[in-house]
Each structure stands twice: as C-alpha cells, then as structure tokens.
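All remarks here apply to the structure that follows.
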Amino acid sequence: MFNLLLKLTENDKRMIFAILLIVILLFVLCGYIGMLIVRLMKWQGKKIDHLCHDVVVTKVITDKKHLLAYGKKKNWRLFFAQAVIPIIIMSAAIALLLIYDAVKHDFSYNPFDSEKGFGSLFFQFELTDQYVSWWIFALRTIRVSKYPTFSINNWCGYLFCPAMIVGGIWYLIVVGSFMARGIRLRKLCTSVFEKTLEGYNQNTGSPNNPII
Amino acid sequence: MTGFFVRFGKGILYVLVCPLFIVALAIVGAFGLLGFVAIFIKSIFLFFTGRSLKDDLLEDIKAKEILSNIEAKQEALMSSSIAPQTTVNLQDNKQIQEPEVEESLNPYTHDEIRIEQEPPIEQNTINVVEPTKEEEKQNV
C-alpha cells in the first residue's frame, strides 16, 4: 500500500483527492435528502392527530386499543382516498398496453425499449477503449452511441412509461404518508393515555399528580 | 463545520438505512394495494346498501354530538350574557370570584365534557316520598 502511494504521480493524487471530495459531498447530499424525507414523513404523520383529535378530546375514546383500532380505520380510509388517482393512472396505463399488445398480437413488446419504446427519447452512451485512469476503477471515457429520436409509431411507450412513472411515484408517496401516519398513531397510543409517576411523591404530591 | 460533519454522518446512516426503507416501502405498498382492493370491494358493497365510506364512524358521531352540545351551551350562555357571580365559601369565609363566562366556556375542558355525559344532579338527588294511607288518615 505504502509502495503504491509512493508510485503515485501528482496527477493521481489530485484525482484521489477530487474523488474523495465528490464522495463526501454525495454523502452530505444524501444526508440532506434523508433529513428532508424524515421531516416530510413527520409532517404527513401529523394528519393522524387531526383525524383522532375530536374523539380523544371529548373522551369518546378512553383506552389505547380503542384508539389504535379507530386510528387504523381512519388511516386506511385516508389511504384509499389518496391512492385512488395514482392507481387509476397506473391501471389506465396497463390497460392501454394490454389493448395495444392485443391489437398488434405481440405481447413481447417492451414499452421501455430504446428503439421502439420510451427509451428512444433519450441519449444512449457507451464506453470507449480510451482509459482516463488505468490504476483506479479503470475509468474509461464515454461517447454518445445514439441520439434521441421521436417516432409517432412508439406512441404506446410514450404514454405508458410516463404514466407508470408518475403513478408509481405518486403511489409511493401515498404509501410513505400511510406508513408515517401508522408510526405516529402508535406513538400517540402510548403518549395520550400515559400515566407517569415522574417527579411524583406520595407524601407531597405534585402539580400534575395531586394527592387524592 | 460540525453541522457539515453531522450531515455527512447522517448521510452515511441514511445510505445504509435506504435499502431497508425501500424494502419496507415495497412491502407496505404491496400490502396497501391488497388493502385498496379490499376497501374498493367494501365500498361497492356499501354503495348498494345506501351507505358510503365517507360516512362518519360511531365514535365521530358521538364526538360531534358532544361538541355540538357544548357549542349550543356556549351560544346560549353568550346570548344571555351572564354577569360574573360571587359565592361565599363558608369554611374559609372568603369571597370567591367565579371565572367570567368566556373563560369557563372552553369547549375542551374536561369538566364541561363531564357535565354533558353525566345525568343532571336533580334527577339523582331529589327523592319524592309519597305519604302512605295511614299517614293520610292520621293527618285527617
């Protein structure tokens, strides 16, 4: 290892430093994205407070199990209401693809295909034989192998793929909020009916737990 | 600088946890799809029985009743504009100023709710003892 470091040229060392910096920045970026997701889920989880507020405050529900059952019902209902649109979008896309395949008598059609599908709208790259660096990661240069082309014959792929991507991401966001509400509900079940003896003295009492 | 390192550390943590989160999301997503289908079938059944998934649950109806009763009471008290009363505590011989109407009408105080749920005190305490026939004769 030490011998290898001695053999490195100044250029190689600069490259290592640059790669390390990029990796650190990538992790920091992941940290920001993760924090954003956590905050988003906490915000989504707060909706269960709104759903369960009245029944808890009016003491219609007075125990943990009842609140959990009620909260689950409410959570499923909200999930159903939120998931209707993305599921309709995805179902319509699948139905379109099936009809297209049935009409063409070709069930092997790939809507993501780079020639006859959605992939034709994007650049395609391939690795060349030229090496940027031979000793680390064997980095090679890339070149464009295919430029984007639009063909009206690929309409099924153009409709199917965006619909599935939009519907899928939308559905995953709805599932994430469903999970967040479930986690929040379980936390509420323990905190709302919590009886604590923290700071309580039976002889003196405390403001939160007065002597009966 | 410490914040930068904290984010870097969190980034590593999130990268490690990310696959688990994606797996959990996929499992819940698949489970959710089954649940969605079940609720959809249930909603069709409810539709043909004249009900809907948007109908309030039993708990919601009870809560709404309690809240509407409290609101009605509030409005009645506000319209009558009751002046703050004074009561004398005989034990301590002190005058206690009762809180004004606005303060005592917080819809979320437990005392108010308890009043709604319990029967009126008069029904429990007043016992009307009817005179027997012998007593009536004696009186005559």
Side-chain angles (χ1 to χ4, degrees), chain A residues 20-21 23-38 41 51-62 66-67 69-84 86-88 90-91 168-183, chain B residues 3-18 21-22 24-43 46 52-70 106-114 116-118:
Chain A
L20 274 175
L21 203 68
V23 168
I24 288 168
L25 286 175
L26 274 175
F27 276 122
V28 171
L29 190 70
C30 287
Y32 273 113
I33 292 167
M35 281 161 69
L36 187 74
I37 290 169
V38 168
M41 285 189 77
L51 293 174
C52 296
H53 177 267
D54 288 355
V55 288
V56 172
V57 164
T58 52
K59 294 197 173 181
V60 172
I61 288 175
T62 50
H66 193 180
L67 180 62
Y70 172 82
K72 273 184 181 175
K73 264 187 196 174
K74 282 284 190 180
N75 197 9
W76 272 109
R77 281 184 173 200
L78 187 60
F79 171 74
F80 180 76
Q82 287 179 339
V84 163
I87 285 177
I88 285 174
M90 288 192 289
S91 306
I169 291 170
W170 193 341
Y171 180 70
L172 284 180
I173 291 168
V174 170
V175 168
S177 67
F178 173 72
M179 276 168 70
R181 287 196 299 270
I183 294 164
Chain B
F4 180 82
F5 283 113
V6 165
R7 263 154 218 133
F8 175 65
K10 278 189 174 177
I12 294 170
L13 186 74
Y14 289 137
V15 166
L16 292 173
V17 171
C18 186
F21 178 73
I22 289 167
L25 206 66
I27 291 167
V28 175
F31 184 66
L33 214 59
L34 293 175
F36 182 89
V37 172
I39 295 171
F40 182 66
I41 292 163
K42 189 183 170 185
S43 71
L46 287 174
S52 166
L53 268 179
K54 289 175 185 173
D55 290 348
D56 286 335
L57 295 172
L58 202 68
E59 291 89 346
D60 293 326
I61 295 165
K62 279 182 186 174
K64 274 183 184 171
E65 271 177 19
I66 291 167
L67 287 173
S68 62
N69 283 342
I70 291 166
N106 181 4
Y108 302 122
T109 53
H110 301 311
D111 295 334
E112 279 287 326
I113 295 158
R114 217 169 284 140
E116 289 303 318
Q117 289 171 342
E118 287 172 2

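Reminder, nothing fancy here: chain letters follow the sequence lines and each chain counts from 1. Basis for what follows: all heavy atoms, side chains included, without hydrogens, waters or symmetry-related copies.
With a threshold of 4.5 angstrom between heavy atoms, Ile61(A) approaches chain B through side-chain atoms but not through N, CA, C or O. Contact annotation for Met41(A): only side-chain heavy atoms (C-beta onward) come within less than 4.5 Å of a heavy atom of chain B. When heavy atoms are compared at a cutoff of 4.5 Å, Leu33(B) approaches chain A by way of both its backbone and its side chain. Proximity to chain A (any heavy atom under 4.5 Å) is restricted, for Phe21(B), to the side chain, taken from C-beta onward. When heavy atoms are compared at a cutoff of 4.5 Å, Val174(A) does not approach chain B at all. Residue contact with chain B, scored on non-hydrogen atoms closer than 4.5 Å, involves the side chain of Ile87(A) exclusively. Only the side chain of Phe79(A) comes within contact range of chain B, with at least one heavy atom under 4.5 Å from a heavy atom of that chain. In this structure, the portion of Val15(B) lying under 4.5 Å from any heavy atom of chain A is its side chain and not its backbone.
Across Leu58(B), Val6(B), Leu13(B), Val28(B), the residue that shares the most heavy-atom pairs under 4.5 angstrom with chain A is Val28(B). When the candidates Gly29(B), Gly35(B), Ala26(B), Gly9(B) are compared by the number of heavy-atom contacts under 4.5 Å with chain A, Gly29(B) comes out ahead.
Annotation: the span from Phe178(A) atom CZ to Trp76(A) atom CH2 amounts to 4.0 Å, rounded to 0.5 Å. Interatomic distance, CZ of Phe8(B) versus OH of Tyr32(A), reported as 13.5 Å (0.5 Å rounding). Going from atom CZ of Arg181(A) over to atom CG of Leu51(A) covers 7.5 Å, rounded to the nearest 0.5 Å.
Closest non-hydrogen pair, Val55(A) versus Ala63(B), comes out as CG1-CB, 4.0 Å. Heavy atoms only, all atoms of each residue included: Gly71(A) and Cys52(A) are closest at CA-SG, 4.0 Å.
Between Leu57(B) and Lys74(A), the closest side-chain pair of non-hydrogen atoms falls below 4.5 Å. When side chains are defined from C-beta on, Glu65(B) does not count as touching Thr58(A), because their heavy atoms never get closer than 4.5 Å.
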